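Comments concern the structure below.
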Amino acid sequence: MVRGTQRILYIMLAFCIGLFIASSFFIRAKYTYSVYGDTTVLEKQQWVLFILAAAAVLAVSFVLYRMCLKLNRYSRKIVIPAVLLFSFAIQLVIIFLFPRMPTDDSQTVLSLAMDMLYEQDYSSFQTGGYLYMFPFNFSMVLYLKTLLFLFPDNYLVIKIFNILFSLVTTLMVYLLYKELNARSKENDYGVLIIAATYIPSLFMSNFIYNDVIATAFLTSALYFAVRYLRRMSMKDILLAAILLAIGNYFRSTGMIFLIAVLICLLFSIRTLGLKKALASIGITVLLFNVPGWTQSAVLQATHVVDEPVNKNSAPVYMWLNMGINLETLGFWDNQQSYNIYQREANYNKADSVELFKASIGDKLSEASLGELAEMYYKKLVWTWTEGTYQMERYGIGNDGSSRSGGRAGFGMDRYSYTTFATDLFKGDSKYRSGLLWVLYVQNFLMYGFILIRLIGGIRAKRFEETSLILVVLGFIAFYLLWEIKSRYIYPVYPLLIVLSYMGFKDVYDYMLNRKR
């Protein structure tokens with residue numbers, strides 16, 4: 001029964017990946033803030049450019065893979081630190097060449113951290129304040145406050161810590177791959193180098209927010225969970241539970257990772273034994289909400305708040321309501337949903353829930369089945385095939401002078417200073433658009449290799465990657481309903497790298513055997 005369920009999961013993800021691949025031949029998902037503003041763009045695919053770009057990226061990938069094979073002769077103690085150091089250097093150069101300043105939520109959490117540290121001002125928890133509405137972002141405020149207290153007050157310090165978390169993710173991608181491929185006799189440095197030079201992750205270290213940090217903790221948690229299922233050491237599941245709790249504290253999509261881990265533990269009851277499986281599940285569930293409970297208790301004990309911080313916070317229905325929008329495909333709805341909570345409900349959670357339910361009901365009843373199906377299809381395709389995780393805005397940034405449409409002007413993107421690189425990538429320059437094309441086709445090719453791996457697993461009845469499959473399917477299902485940004489699926493990029501590298505290696509080995 002377990003293997004049958006795993007097979008169904010593989011088939012489900014294969015169907016989704018197949019949909020993304022097929023759609024990419026006809027539709028190009030774009031996000032270019034400097035041109036269109038903060039909004040989704042779907043346009044007709046440019047076939048010639050698409051095929052040429054994909055062929056070029058594919059050719060370069062095979063060449064780089066052959067070069068990586070030559071590193072097999074060297075010890076991990078030499079190669080791993082060298083690759084991580086190289087990645088660190090690249091990211092350091094990027095944050096100097098593209099000195100993007102915080103904007104929108106990143107600017108807000110940084111300002112709140114400074115207010116709390118230097119002014120002892122916690123008024124944001126009062127009615128109408130940012131943390132009153134979105135208390136889940138206090139984790140980021142607390143983190144930034146700690147960095148500001150311990151180190152010089154400088155953007156550079158925060159971004160360097162981002163780089164360190166990015167390097168943790170890179171290492172965990174490699175370790176996760178090796179744990180899933182324990183039989184491999186090679187060092188498989190290729191997956192390490194891909195993770196270390198993956199362009200969106202290199203640039204996202206420039207973004208002062210919780211994406212990079214949460215990704216590091218959640219990827220690490222999944223690694224130790226997989227390690228536990230293979231080695232059955234309670235130390236591993238304890239580490240997985242702790243890391244999962246911290247990762248979820250920074251970004252609530254940790255719940256998807258939790259569900260995936262729990263399902264895998266249930267799948268492994270025979271291997272683990274009933275007592276050990278139940279103990280593992282108990283540890284994971286009990287520790288999961290400890291950071292949130294601790295935060296709430298401390299805030300009330302210190303009289304920062306008089307009631308639980310979530311009592312009147314913005315309800316989940318706000319993002320669900322935002323996620324149903326025929327015009328924006330579930331992207332930002334120009335504060336329509338915010339106004340329901342802030343103005344119509346006057347920051348009352350219970351009242352806003354009823355208003356949001358009514359709004360959702362109206363949207364579903366007013367739209368035809370065909371319109372809803374088209375919206376959800378486009379929403380799914382845009383989110384997963386855009387391919388850059390909105391790195392164009394959050395990583396590269398812009399000078400704030402060329403935006404139009406969408407949320408243009410809502411948060412003025414600026415650089416601390418300009419460089420030759422900011423001039424080259426200004427607006428919709430050929431360098432910026434060229435880089436976005438490379439990332440777009442790279443994402444497409446990754447899906448192609450993932451599909452190959454999934455089909456191979458189904459045919460061979462090999463389901464070692466079930467935990468990764470569950471997480472990716474969880475994100476697909478969640479963001480089909482939730483408000484979307486392609487940046488929101490950033491925490492799954494490490495898993496996509498692992499799965500796609502497996503598929504790539506399968507193809508390469510098959511071609512090599514045929515040649516022999």
Side-chain angles (χ1 to χ4, degrees), residues 76-102 106 109-110 113 117 137 139-178 189 191-224 239-240 242-251 253-254 257 291 389 391 394-397 416 487 490-495 497-498:
R76 294 184 188 182
K77 294 180 181 179
I78 297 174
V79 176
I80 293 177
V83 171
L84 294 179
L85 184 61
F86 178 67
S87 182
F88 179 88
I90 295 175
Q91 293 179 73
L92 194 62
V93 170
I94 286 173
I95 64 177
F96 277 111
L97 289 180
F98 299 93
R100 186 189 187 278
M101 295 179 66
S106 61
V109 294
L110 184 58
L117 178 63
N137 265 339
S139 57
M140 195 62 194
V141 173
L142 189 61
Y143 164 76
L144 293 173
K145 178 185 173 185
T146 303
L147 289 188
L148 293 171
F149 175 75
L150 296 175
F151 301 97
D153 182 355
N154 194 293
Y155 295 146
L156 183 61
V157 171
I158 302 171
K159 292 181 179 182
I160 286 176
F161 270 86
N162 269 355
I163 295 175
L164 295 178
F165 280 110
S166 177
L167 296 182
V168 170
T169 302
T170 297
L171 179 60
M172 288 302 156
V173 167
Y174 179 70
L175 295 178
L176 180 59
Y177 177 88
K178 294 300 293 180
Y189 292 133
V191 69
L192 174 69
I193 293 173
I194 290 173
T197 58
Y198 189 58
I199 296 175
S201 67
L202 296 178
F203 277 88
M204 287 298 278
S205 291
N206 212 11
F207 183 42
I208 299 175
Y209 206 49
N210 55 22
D211 301 66
V212 176
I213 303 170
T215 301
F217 279 110
L218 294 174
T219 307
S220 301
L222 190 62
Y223 161 70
F224 281 106
L239 280 170
I242 293 171
L243 292 167
L244 187 58
I246 298 173
N248 183 72
Y249 182 56
F250 280 101
R251 197 163 190 86
T253 45
F257 283 79
Y389 306 97
M391 179 207 76
Y394 296 106
I396 297 176
S416 299
R487 177 175 68 82
Y490 185 78
V492 302
Y493 93 81
L495 314 188
I497 288 178
V498 171

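Keep in mind that what you see is a predicted model, and the values were worked out from it rather than measured. No hydrogens, no waters, no symmetry mates; every other heavy atom, side chains included, goes into these values.
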Inset, instruction - For the residue pair Y493 and T219, establish whether any side-chain heavy-atom pair is separated by less than 4.5 Å. - result: no
Legend entry - Flag for Y249-N210: side-chain donor and acceptor within less than 3.5 Å: no
Inset, instruction - I would like to know whether I213 and M140 meet side-chain contact (heavy atoms from CB on, under 4.5 Å); could you show each step before the answer? - result: CA-CA 9 Å; I213 303 170; M140 195 62 194; 3.9 Å; yes
Inset, instruction - Could you point out which residue of F151, F88, Y155 forms a ring-ring contact (aromatic ring centres under 6.0 Å, His included) with F161? - result: F151
Inset, instruction - Decide yes or no for L495 and L222: does some side-chain heavy atom of the first lie under 4.5 Å from some side-chain heavy atom of the second? - result: yes
Legend entry - Trace of the side-chain contact (heavy atoms from CB on, under 4.5 Å) decision for L156 with F96: CA-CA 9 Å; L156 183 61; F96 277 111; 3.9 Å; yes
Inset, instruction - Enter the distance from N206:CG to Q91:CD here, rounded to the nearest 0.5 Å. - result: 10.0 Å
Legend entry - D211 backbone acceptor or donor facing T215 side chain under 3.5 Å: yes
Legend entry - Minimum heavy-atom distance P291-A245, with the two atoms named: CG-O, 3.8 Å
Inset, instruction - Give the ring-plane orientation class for Y143 versus F250, where under 30° counts as parallel, over 60° as perpendicular and anything between as tilted. - result: perpendicular
Legend entry - Closest non-hydrogen atom pair between R487 and R251, with its separation: NH1-NH2, 4.0 Å
Legend entry - From N137 atom CG to L142 atom CG, the distance as rounded to the nearest 0.5 Å: 12.0 Å
Inset, instruction - Identify the heavy atoms of I208 and P102 that sit nearest to each other, and give their distance. - result: CD1-CG, 3.8 Å
Inset, instruction - List the atom of S87, the atom of A196, and the distance in Å for their closest heavy-atom pair. - result: OG-O, 2.8 Å
Inset, instruction - Return the minimal non-hydrogen interatomic distance between L202 and I90, and the atom names on each side. - result: CD1-CG2, 3.8 Å
Legend entry - Name of the residue among F207, Y389, F203, Y490 meeting ring-ring contact (aromatic ring centres under 6.0 Å, His included) with Y394: F207
Inset, instruction - Walk me through it: do I497 and Y177 pass the test side-chain contact (heavy atoms from CB on, under 4.5 Å)? - result: CA-CA 9 Å; I497 288 178; Y177 177 88; over 6 Å; no
Inset, instruction - Work out which heavy atom in P494 is nearest to a heavy atom in V173; give both atom names and the distance. - result: CB-CG2, 3.5 Å
Inset, instruction - With rounding to the nearest 0.5 Å, note down the distance linking CG in L144 to OH in Y209. - result: 10.5 Å
Inset, instruction - Using the salt bridge (charged side-chain N to carboxylate O under 4.0 Å, His left out) rule, collect all pairs that involve residues 83-101, keeping only residues at least two apart or in two chains. - result: R100-D413
Inset, instruction - Give a yes or no answer on whether the side chain of S220 reaches the backbone of A216 with a donor-acceptor pair at less than 3.5 Å. - result: yes
Legend entry - Side-chain heavy atoms of D153 within contact of L117, under 4.5 Å: no
Inset, instruction - Using modelled atom types only, decide if a donor and an acceptor are shared between the side chain of Y189 and the backbone of R76 within a distance under 3.5 Å. - result: yes
Inset, instruction - Report the residues that fulfil salt bridge (Lys or Arg N to Asp or Glu O under 4.0 Å) with K159, sequence neighbours left out, ordered by chain and then residue number. - result: none
Legend entry - Distance (rounded to the nearest 0.5 Å) between M172 CE and F224 CZ: 5.0 Å
Inset, instruction - Look up atom CG in L192 and atom CG in L175, then write down how far apart they are to the nearest 0.5 Å. - result: 9.0 Å
Inset, instruction - Any chance you could measure S201, atom OG, to I163, atom CD1, to the nearest 0.5 Å? - result: 11.0 Å
